[in-house]
Colleague: 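The structure under discussion is supplied below as structure tokens; questions concerning it will follow.
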Amino acid sequence: MTSMTLPARAENRPPLPVRPTPHERDGRQDGAGTARPHPQQQLLADRGADPARVDREIGPRRPGVTYRNIDGAFMVLETIRDPERARTLLGRGSAQWALIVKDVLRRGAEPFVIGSAWTSSDYVVCLETADTSLPPAA
């Protein structure tokens, strides 16, 4: 009988079983591009964007509009309706539009890209904004 204090030796152990190849890719397979595209992405690629849906998702956010929501207050600098450019900016394969906004509550805030839809918690603060190139009042 072997002692319980002796370490087990690797050459005495049987090899561990290997799991079967999974259905979806998990990094063990070689090669690229063998996975199927997501069905929603395929639908969007086939039919393109529905302009009415895009208008509903963007809402009243046009360049120059300042709106507010739970995250803060933002001025819209640009509305992007080109799906390819929106996908590149947002890094999402299904993006149909994007907005470039600037946080008006933070001094020195940099513009950034968003793709969040207009909801009932969003509301317009003002339709035209003052000239932001002027220095802040003392």
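Because the structure is predicted, anything quoted here is derived from the model rather than measured.
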Colleague: Other residues, nucleotides and ligands only: do more than 12 of their heavy atoms fall within 6.0 Å of CG on Leu105?
Modeller: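 Yes, because the 6.0 Å sphere around CG of Leu105 holds more than 12 heavy atoms from other groups.
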Colleague: Of all heavy-atom pairs between Pro63 and Leu77, which one has the smallest distance, and what is that distance?
Modeller: CB-O, 3.8 Å
Colleague: Check whether any side-chain heavy atom of Gln96 lies under 4.5 Å from a side-chain heavy atom of Arg53, and answer yes or no.
Modeller: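 Yes - at least one pair of side-chain heavy atoms lies under 4.5 Å apart.
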Colleague: Do Arg61 side-chain atoms and Glu57 backbone N/O form a donor-acceptor pair below 3.5 Å?
Modeller: yes
Colleague: Give the C-alpha distance, both sets of side-chain angles, the deciding distance and a yes or no for side-chain contact (heavy atoms from CB on, under 4.5 Å) between Val65 and Val124.
Modeller: CA-CA 7 Å; Val65 170; Val124 173; 4.0 Å; yes
Colleague: Applying the 4.5 Å side-chain criterion to the ILVMFWY set and letting contacts propagate, would Val125 and Ile100 be lumped into a single cluster?
Modeller: no
Colleague: For a quick test of reading the model, state the closest non-hydrogen atom pair linking Ala98 to Leu90 and the distance between them.
Modeller: CB-CD1, 3.9 Å
Colleague: Arg81: which residues meet the side chain to side chain contact (heavy atoms under 4.5 Å, CB included) condition with it, sequence neighbours left out?
Modeller: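 Partners of Arg81 under the side chain to side chain contact (heavy atoms under 4.5 Å, CB included) test: Val54, Asp55, Ile58, Arg62, Thr79.
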Colleague: Report yes or no: do Val104 and Tyr123 belong to one cluster of Ile/Leu/Val/Met/Phe/Trp/Tyr joined by side chain heavy-atom distances under 4.5 Å?
Modeller: no
Colleague: Looking at every non-hydrogen atom in both residues, tell me the closest pair between Asp122 and Asn69 and how far apart they are.
Modeller: OD1-CB, 2.7 Å
Colleague: Determine whether Tyr67 and Pro60 make a side-chain contact, defined as any pair of heavy atoms from C-beta on separated by less than 4.5 Å.
Modeller: no
Colleague: So, the side chain of Arg87 versus the backbone of Ala95: is there a donor-acceptor pair under 3.5 Å, distance only?
Modeller: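 Checking the backbone N and O of Ala95 against the side chain of Arg87, a donor-acceptor pair under 3.5 Å is found.
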Colleague: Is the ring pair Phe74/Phe112 parallel, tilted or perpendicular, if the boundaries are 30 and 60 degrees?
Modeller: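 Perpendicular: the ring planes of Phe74 and Phe112 meet at over 60°.
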